[in-house]
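Note sheet for the following structure.
Sequence positions, counted from 1, serve as the residue numbers for this chain.
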Amino acid sequence: MEAAEQTDPTEPPLPPLVDHHCHGVVRSELGSAAFEAFLTESDAPAALGTTFFDSQLGFAVRRWCPPLLGLEPHCPPAPYLARRRELGVREVTRRLLSATGITEFLVDTGLPGNLTTPQELAVAAGGTAHEIVRLEQLAERVADTSLTADDFLAGVADGIREAARTASGFKSVAAYRYGLDFEPDPPGPGAVHAAAERWLTRRGQGGTAAARVTDPVLLRHLLWSAAYTGLPLQLHTGFGDPDLRLDRCDPLALTDFIRAVRPTGCTLILLHGYPYHRGAAYLAAVFPHVYADVGLALSHTGARAGAVLAEVLELAPFGKVLFSTDAYGLPELYVVGARLFREALTGLLTHWVAEGAWSRRDARRVAAQLGADNARRVYGLGGPAPRDR
């Protein structure tokens, strides 16, 4: 069953990728059930007699990851997990991340758990990392130490201002907390103050739900406060875990907000999108400050990733689509996200060049844009000198 660590040591080096939306990976050993939990957006175990390995994402993990740990492609789950335990978390993380070809990570640090920091992620991969600050977590952290609504609102303003000094952007999960069909304009000071008072009172009464910021007025206040900094703002759209209502996560619901926020100079990045990714592509096509990605979608659609990416590229300008993995918890998800993106994009571009629809030079240029150049431009990361195209 064992194979070389790399799939093919004679392969040329992979072109560099910038993963503009991702998360840390777990530092501890994982049992089978805990590992499988990262292969699904469900918050429940697999149905009796089934396994989350039997999914497009599960098959993609078994296709691309075993060779990096010295096993054959499509290795069954049990020996793969045994090999993982044998090598240990640090070595597995190093092998997998260093094989992705991702050189820069923009890490959303807003998820709980024993996860690697952006710097730890970068060291394991041999790359660099930047932080994306999650607005809702920032607000909840401020609320933990706020006695009054005035304290809270001042703390949020200070927190966003300080974050803007060092972070590469902000992220909102308003789609989870309320939905994307919120009122588009910035709320007035009186409405914001009243909403803050209501929320702090509920928090004082206890309960996990009360601790989360879900009031649409406060969510809008956070969005607009971030927009005024001028940094890129990532917005979750489309599918996710059962904590959201998918029918309220269509990015087209953001159309009025997109129009309203444009004068601030803030760039909006619509994450994931699926199954509304064509709507996200449309918004990226018609609004100059809107960009899109399909990171989470490609991983979960697996062998169908090429079809999903093709649908985005039907309409979205090629300078408006960014690569991401949305990897969380497992370093395997970085491998799968990067590999499926490359395989899908290579397959599409090869076909279009063969048809005569595209030139080879344009195909190479667009591949570089989607994989890294667009993210470097949008987030102001700098990067290598322009290539001779």
Can a salt bridge be assigned to the pair Glu343 and Arg304 using a cut-off of 4.0 Å between side-chain N and carboxylate O?
no
Can you tell whether the side chains of Arg259 and Asp256 come within less than 4.0 Å, N to carboxylate O?
yes
Check whether Val294 and Val173 end up in the same hydrophobic cluster, where Ile, Leu, Val, Met, Phe, Trp and Tyr are linked by side-chain heavy atoms less than 4.5 Å apart.
yes
If we only count heavy atoms from C-beta on, is the His289 to Thr264 side-chain gap below 4.5 Å?
no
If you measure only the distance, is there a donor-acceptor pair under 3.5 Å linking the side chains of Asp54 and Thr51?
no
Does Trp199 reach the main-chain N or O of Ala210 with its side chain, forming a donor-acceptor pair under 3.5 Å?
yes
According to the interplanar angle, ranging from 0 to 90°, do the rings of Tyr274 and Phe239 count as parallel (below 30°), tilted (30 to 60°) or perpendicular (above 60°)?
perpendicular
Decide if the gap between the ring center of Tyr334 and the ring center of Phe105 is smaller than 6.0 angstrom.
yes
Could you state whether Leu233 and Val321 fall into the same hydrophobic cluster, counting links through intermediate Ile, Leu, Val, Met, Phe, Trp or Tyr residues with side-chain heavy atoms under 4.5 angstrom apart?
no
Closest non-hydrogen contact found for Leu39 with His300 is O-CE1, 4.1 Å
Is it the case that over 12 heavy atoms from other parts of the model lie below 6.0 angstrom from the CZ atom of Arg203?
yes
Do the numbers put Arg248 on top of the ring of Tyr178, so that NZ or CZ is under 6.0 Å from the six-membered ring centre and no more than 45° off the axis?
yes
Show me the pairs that pass side chain to side chain donor-acceptor pair (under 3.5 Å) and involve residues 234-245, at least two apart or across chains.
His21-Gln234, Arg212-Asp243, Gln234-Tyr379, Arg245-Asp247
Do the non-hydrogen side-chain atoms of Leu223 and Leu235 ever get within less than 4.5 Å of each other?
yes
Min side-chain heavy-atom separation His130-Val107 under 4.5 Å:
no
Within a radius of less than 6.0 Å around OH of Tyr282, do more than 12 heavy atoms belonging to other residues, nucleotides or ligands occur?
no
Give a yes or no on whether a salt bridge exists between Glu29 and Arg85, defined as a side-chain N under 4.0 angstrom from a carboxylate O.
no
Decide yes or no for Val133 and Lys171: does some side-chain heavy atom of the first lie under 4.5 Å from some side-chain heavy atom of the second?
no
Can you name the closest pair of heavy atoms from Phe52 and Ala46 and give their distance?
CE1-N, 3.3 Å
According to a 4.5 Å side-chain heavy-atom criterion applied to Ile, Leu, Val, Met, Phe, Trp and Tyr, with indirect links allowed, do Leu330 and Leu296 form part of one hydrophobic cluster?
no
Before accepting this row, confirm whether a basic side-chain N of the pair Arg84/Glu332 lies closer than 4.0 Å to the acidic partner's carboxylate O.
yes
Using the ring of each side chain (for Trp, its six-membered ring), is Trp224 parallel, tilted or perpendicular to Phe257, with breaks at 30° and 60°?
perpendicular
How about Trp352 and Phe318: are their ring centres within less than 6.0 Å of each other?
no
How close do Glu41 and Pro242 get, heavy atom to heavy atom, and via which atoms?
O-CD, 3.2 Å
